[in-house]
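Source: prediction; values computed, not measured. Each ligand, and each atom within it, is numbered from 1 in the order the structure gives. Position 1 is the first residue of the sequence, and the numbers go up from there.
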Amino acid sequence: MKFEDLEIWFVTGAQLLYGGDAVIAVDAHSASIVEGLNRSGKLPLTVVYKGTVNSSSEVEETFKKANNEKHCAGVITWMHTFSPAKMWIKGLQNYHKPLLHLHTQFNREIPWSEIDMDFMNLNQSAHGDREFGHIVSRMRRNRKVVVGHWTDEKVQDRIAVWMRVCAAWADAQDMILVRFGDNMNQVAVTDGDRLEAEMHLGYHVDYYGVGEIAKIQKTVSEADIDALVEEYERMYIFADNCKKGAKNYGQVRNAARIEIALRRFLKEKGAKAFTTNFDALHDLDQLPGLACQRLMAEGYGFGAEGDWKTAALMRTMWVMAQGLPGGTSFLEDYTYHFNGERSAILQAHMLEVSPEITTQKPRLEVHPLGIGGKADPARLVFTAHAGKGIAATIVDMGNRFRMIVNKVDVIEPEAALPKLPVASALWIPQPNLETGATAWILAGGTHHTSFSYALTNEFMEDYADIAGIELVTIDENTTIPNFKFELKVNEVFYK
Ligand code: MN
């Protein structure tokens with residue numbers, strides 16, 4: 001797990017006004033909270049208690065260390081007592097990582113018969129956290145505010161979501177994305193400003209000719225191909241004409257050769273995501289469908305047709321979802337099924353859908369592909385299982401990035417699709433196809449998405465806040481008049 005390298009710091013704001021005993025109590029209570037959070041079993045990252053801060057210089061020093069410490073993916077702050085918030089200004093000005101304000105208090109309940117002024121002065125998070133919140137808002141600093149007792153599962157779950165997003169954010173800050181070929185055929189929505197992406201989202205997009213893969217594939221040994229095809233045989237159901245000795249077995253071996261070459265190249269470059277372009281395959285004998293499917297399931301972000309924004313987002317969502325049930329995949333809106341309130345969108349791609357989103361054992365098949373002018377490519381064929389998920393995209397609006405997230409319900413197809421030998425998912429966008437698709441189109445959303453069963457809107461909200469990008473969400477509460485109004489307001493906000 002990626003998360004093992006990362007930790008979250010916990011910093012308690014205090015002041016020396018209440019004397020030495022109070023300082024000792026604040027420190028002990030903070031340590032108990034951190035220990036309790038770590039013991040909850042709910043949090044994917046370890047919380048490390050970094051002590052109390054009582055002055056501007058202490059805050060500044062702590063935040064500078066948090067910036068510089070590679071393993072620190074974010075800071076949680078909490079005010080046990082009243083803590084004058086001017087002391088946070090310098091530190092926050094210098095701090096560039098995610099921030100979570102945990103608005104909790106050490107005791108769960110008021111000790112009715114015992115409470116006195118000393119107790120009140122020591123346990124006044126309700127007071128101190130408001131003072132802290134003011135300065136963070138005054139500084140226009142995005143953060144997640146989580147309210148509730150630290151032992152509550154709901155509180156721990158919300159911290160866990162944010163931690164996963166912090167880990168994905170850290171992952172994106174040194175992400176190299178390899179783009180084989182350019183953008184396909186004058187497509188607009190997949191294009192965008194890669195410099196702005198690096199400045200605002202962290203990842204770096206590099207161009208390579210697909211000839212790099214063609215070069216490596218010549219060096220792949222037959223023994224390596226044997227081993228990989230054996231792995232295919234263990235994991236998938238082979239179509240009869242793909243089995244050893246049958247007509248398409250050679251195509252399966254060529255697909256394995258491409259997969260080995262592609263993985264080798266990505267490893268060599270330290271890349272975490274990549275794009276392909278079916279229009280520019282040169283010396284590859286077939287579209288790398290199977291390779292893309294399998295690399296996605298390993299955690300590589302993928303976007304077809306040069307779609308680097310979706311590739312990076314898919315990697316980020318895959319990292320967030322690590323270890324959670326469900327799966328994450330690149331998908332594309334293909335064809336509608338109009339059926340009243342059950343109207344749905346068939347999601348697929350030419351070939352490239354991750355097997356993470358099915359509970360079936362995928363079938364390995366080889367079929368002709370109408371476009372691209374290459375040999376018949378191998379692919380995994382399956383149907384995504386029913387369940388709730390989110391589909392997300394990031395588009396470049398010229399002056400900013402906009403993230404669009406739609407809650408979707410994946411449903412079982414009404415019948416088998418025997419003549420469509422690709423992986424697919426069928427979903428109903430919330431609140432329904434008519435409103436969901438209207439809102440998506442008004443927002444300028446892509447036909448490509450990054451989809452996940454494991455994530456919810458809360459993950460994407462935390463991500464957009466950390467990145468400081470626009471977020472519009474389409475869900476059960478969306479109405480078109482309100483959505484249009486939101487888009488108009490956002491135009492002004494981001495002017
Ligand atoms: Mn496409």
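Enclosure of atom OH in Tyr494 by more than 12 non-hydrogen atoms of other residues, nucleotides or ligands within 6.0 angstrom is indicated.
No side-chain donor-acceptor contact under 3.5 Å links Ser329 and Ser354.
Looking at Glu305, its N, O or S atom nearest to the Mn ion (ligand 1) turns out to be OE1.
In this structure a side-chain-to-backbone donor-acceptor pair under 3.5 Å is missing from Glu352 to Cys292.
Between the OE1 atom of Glu332 and the NE2 atom of His448, the angle centred on the Mn ion (ligand 1) amounts to 80° when rounded to 10°.
For the Mn ion (ligand 1), the set of nearby N, O or S atoms under 2.8 Å includes none belonging to His447. Counting backbone and side-chain atoms alike, Asp307 contributes no N/O/S atom closer than 2.8 Å to the Mn ion (ligand 1).
The distance from the CG atom of Leu100 to the CH2 atom of Trp162 is 5.0 Å, given to the nearest 0.5 Å.
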